[in-house]
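Step one of this worksheet: look at the structure below.
Keep in mind that the numbers below use all heavy atoms, side chains included, and drop hydrogens, waters and symmetry copies.
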Protein chains: 4
Amino acid sequence: MIVVSTKRVSARGRAAAPESGNGGSERRAELLAIAADLFATSGFQGTTVREIADTAGILSGSLYHHFDSKDSMVDEILREFLEYQQKAYDDVLRDSPDARTAIAELVRCSFRAIHRYRAAVAIFQNESGYLTRFERFDYLRKASADIERTWKRVLEDGRRAGVFRSDLNIKLAYRFIRDTVWTAVHWYNPRGRMTAGVIAEQYIRFLCDGIMAPGQE
Amino acid sequence: MIVVSTKRVSARGRAAAPESGNGGSERRAELLAIAADLFATSGFQGTTVREIADTAGILSGSLYHHFDSKDSMVDEILREFLEYQQKAYDDVLRDSPDARTAIAELVRCSFRAIHRYRAAVAIFQNESGYLTRFERFDYLRKASADIERTWKRVLEDGRRAGVFRSDLNIKLAYRFIRDTVWTAVHWYNPRGRMTAGVIAEQYIRFLCDGIMAPGQE
Amino acid sequence: MIVVSTKRVSARGRAAAPESGNGGSERRAELLAIAADLFATSGFQGTTVREIADTAGILSGSLYHHFDSKDSMVDEILREFLEYQQKAYDDVLRDSPDARTAIAELVRCSFRAIHRYRAAVAIFQNESGYLTRFERFDYLRKASADIERTWKRVLEDGRRAGVFRSDLNIKLAYRFIRDTVWTAVHWYNPRGRMTAGVIAEQYIRFLCDGIMAPGQE
Amino acid sequence: MIVVSTKRVSARGRAAAPESGNGGSERRAELLAIAADLFATSGFQGTTVREIADTAGILSGSLYHHFDSKDSMVDEILREFLEYQQKAYDDVLRDSPDARTAIAELVRCSFRAIHRYRAAVAIFQNESGYLTRFERFDYLRKASADIERTWKRVLEDGRRAGVFRSDLNIKLAYRFIRDTVWTAVHWYNPRGRMTAGVIAEQYIRFLCDGIMAPGQE
DNA sequence: GATGAATGAGGGTTCATTCAT
DNA sequence: TATGAATGAACCCTCATTCAT
């Protein structure tokens, strides 16, 4: 019998290449989608490998033909999202003519991610704290830092250029925006009447102009 | 000092009163504080009863002299906070002369809660989804609805009175505010330079006026 | 071979079907027999899941691959026996030409059960009181009532027909017989010289004629 | 401070003399009665020390001022009953003019015990098997043997004297009688219409003459 | 006599994971 | 690829018992 993959990996070690070279198989993708939804809904720790398997209609042991471990599953889910997200943010930075546009584009782009990678975004929000306890997920910290840098750069540029208030507390503004935008993933309904795009526009308005009526102050 | 709720019976295991235990003792309060911190930091499921006991310097079994169960602990932690919070919100509604003031007071009052009940607020944010799976924690849903009603009433009043923009989407505005305010609990540092009060004022400013410089639009 | 009952849901913990497990496997039957013996010998509460597993040569956790819980094990053990027993009693009622024959057949049939389902009979005797505290085991009460009805019907028929003494206290006679017959399970030795059949005949004689020598009174 | 009693006793050791010399205090007797009832109803293992204490209105730790251990409680309960019972049986043996009378008296005397020491009798029936695993309760085996010897002697005498059937299987007859008589403790109701005395007479009739109508056979 | 806090061993159960088939 | 049986560690909780106050 020819041994193809090794997948030894003492728990929480690095990701041993799953089955035959890459993550291509469709079954894999299905399983990953199922896992992502469950992780997003019930939490990573709150989801058992058996639940994933049950939902997929197989036995829990069979999942290990596709993935090394539960950790590998989140890992893959998160990496895919983060790769997309970093590229998207970079594009915004490159293409925006001014800070006003850039901020708006970052918001739009974030809501697009919420739409496309809903489960992954939720997991990133909820489980980063837990996962970064393990070396394997150190990259989550780096990803957060990258995201933070992107937003702060735009905010600083805008303040310097007189687009944003001169007394703007960058750190606080960043947190304000980040929290309200990303937390939206928890209630966003992809099949609801409010599309991600519509919500994004409203949020941009909130962020830029606040909620007061003109003339009120 | 707030009077705790204590063992209201109901699902997830009969709540047999632990021997002699009651709501009074100081030890109880200590243990509860330890548990709250751990739940906030590591999640409810991510915290083991042994960890709580270890941190308290006793054996895990000894915890059950004071509490019926792990569930009872979160229950008590959450009830204390919610009781405080509901009263605080009611006071704001009663005492605010206009919507502008009311919104500002709600924000201040929320940040005071974040300061005083940091762990409980974090738990309420993070674990409501999980806990409301169990009958015993149905009241969390009700509490969320109460909070929502409070904010929305103020927003509607303000819009009607012409204080807030006439095209304000109440539902969306509520979520925008709620998410950014309450999520702050995750990074708020009670010993940091930015006090809860200072953050509150800045957030009020963001919410009311946005981040744009005057004249920009 | 009797078809087992298997996980009918109901109280005392949700009965989540163990992975893949079903009513068919031989391993299951082995494990059930081991558990039954231990429950009969040491009591249900007096038997630990670890003891069952040790006796079976596996780890305690592995039992849960086959059964939902300790409760499920007794449940299955008892249901199999009761199903058999009810059918057997019904057959006697249907086939007996007169009360004398019927009583004798009921005794024989009970001793056959003691022989075939020794452990289950002992558990039914010893643990019904404890188990019926839980909703899940309500059916034990019903089973007892069915058995009682069967015997009493025969006793009443016989008294009416003049086969049994006209002053026979049915209720007391039933208890007298039931207690002496079923309690025999505690000392009956399936490999002893006295077979179940022999004991049954002697017991029939005791019941019908007493122990006095003819002419004595 | 004057140390009066030692009560060290490594678990399941011999009974260290309880408090100041004897078992006289009334509180003791109350507590013992409570424990006996619970042991009889819920089993020895099925009764927790805390339940006993709760029923008595004290904390579980406080029980240990009266008794060395849970074991000591059953021990005392059983010893009192057995002492009474042995004396009673001896009296019967001494005073009965013939086997017929002796058997009847043994039955009456057993039902008197069931009435007076109901809980103890039930415990002796149900828990002997478990308790005799421990050295401390070896005397239970001896007590059973004594009881057996008493009955068998009467049965043998009666058979030899032609009072009982000449083909009587002594061993089986003993078990038949013992089981039916002692098991009655499980349903006997001291406040019911059927007094222990009445039941005894009926049982004597069953034992001696059986249930058949005269002339039937 | 009683309390209240704690111990320490053990109970039933869960769950990620392994592996022969 | 999947199954089914098993592992082993950990989890929440129980309970008899101890002991300072």
Can you see which heavy atom on [X] is nearest to which on [Y], and at what distance?
X      : Y      : result
D:S42  : D:T47  : CB-OG1, 3.6 Å
A:L131 : A:F137 : O-CB, 3.4 Å
A:Y64  : A:K70  : OH-N, 4.5 Å
C:V49  : C:S60  : CG1-CB, 4.0 Å

Salt bridge or not between A:E30 and A:R27? Use side-chain N to carboxylate O under 4.0 Å.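 Salt bridge between A:E30 and A:R27, a charged N being under 4.0 Å from a carboxylate O: yes.
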Once you round it to whole Å, what is the distance between [atom2] of [N] and [atom1] of [X]?
X     : N      : atom1 : atom2 : answer
B:E51 : F:dC13 : CD    : C1'   : 16 Å
C:R50 : E:dA9  : CZ    : P     : 14 Å
D:D71 : F:dC15 : CG    : C1'   : 13 Å
C:E19 : E:dC19 : CD    : P     : 17 Å
B:K70 : F:dT14 : NZ    : P     : 14 Å
B:F67 : E:dG4  : CZ    : P     : 15 Å
D:Q45 : E:dG12 : CD    : P     : 11 Å
D:L63 : E:dA2  : CG    : P     : 9 Å

Would you find more than 12 non-hydrogen atoms of other residues, nucleotides or ligands less than 6.0 Å from D:Q45 atom CD?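 Yes, because the 6.0 Å sphere around CD of D:Q45 holds more than 12 heavy atoms from other groups.
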From F:dC12, F:dA16, F:dA6, nucleotide with atom closest to D:Y64 side chain: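 The answer is F:dA16.
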Side chain of A:T48 only, heavy atoms from C-beta on: which candidate in F:dT17, E:dC15, E:dG12 is closest?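 Closest of the options to the side chain of A:T48: E:dC15.
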Let's see if you get this right: which residues in residues 54-62 of chain B place a heavy atom under 4.0 Å from DNA chain F?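 The stretch gives B:S60, B:G61 as the residues lying under 4.0 Å from the strand, ordered by number.
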Counting only heavy atoms and a strict 4.0 angstrom limit, can you tell me which residues of residues 34-43 of chain D come near DNA chain F?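 The answer is none.
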Does [N] have its OP1 or OP2 closer than 4.0 Å to a side-chain nitrogen or oxygen of [X]?
X     : N     : value
A:H66 : F:dA2 : yes
B:H65 : E:dA5 : yes
B:R27 : E:dA6 : yes

When rounded to the nearest 0.5 angstrom, what distance separates CZ in C:R28 from CG in C:L31?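 Rounded to the nearest 0.5 Å, the CZ-CG separation comes out at 9.0 Å.
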Nearest 0.5 Å, what's the CZ-CG distance between D:R79 and D:L140?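 Result: 8.5 Å between the selected atoms.
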Treating a pair as Watson-Crick (purine N1 to pyrimidine N3 plus N6-O4 or O6-N4) or G-U wobble (N1-O2 and O6-N3) with both distances under 3.5 Å, list the stems of 3 or more consecutive pairs that involve DNA chain E.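 Ordered by first number, the stems with DNA chain E (at least 3 consecutive pairs each) read E:2-21 with F:2-21.
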Is the closest side-chain heavy-atom distance between D:D75 and D:Y139 below 4.5 Å?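 When only atoms from C-beta onward are counted, D:Y139 and D:D75 do touch, with a gap below 4.5 Å.
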Quick check on DNA chain F: between B:T47 and D:T47, whose nearest nucleotide comes earlier from the 5' end?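 Looking at DNA chain F, the more 5' nearest nucleotide goes with B:T47.
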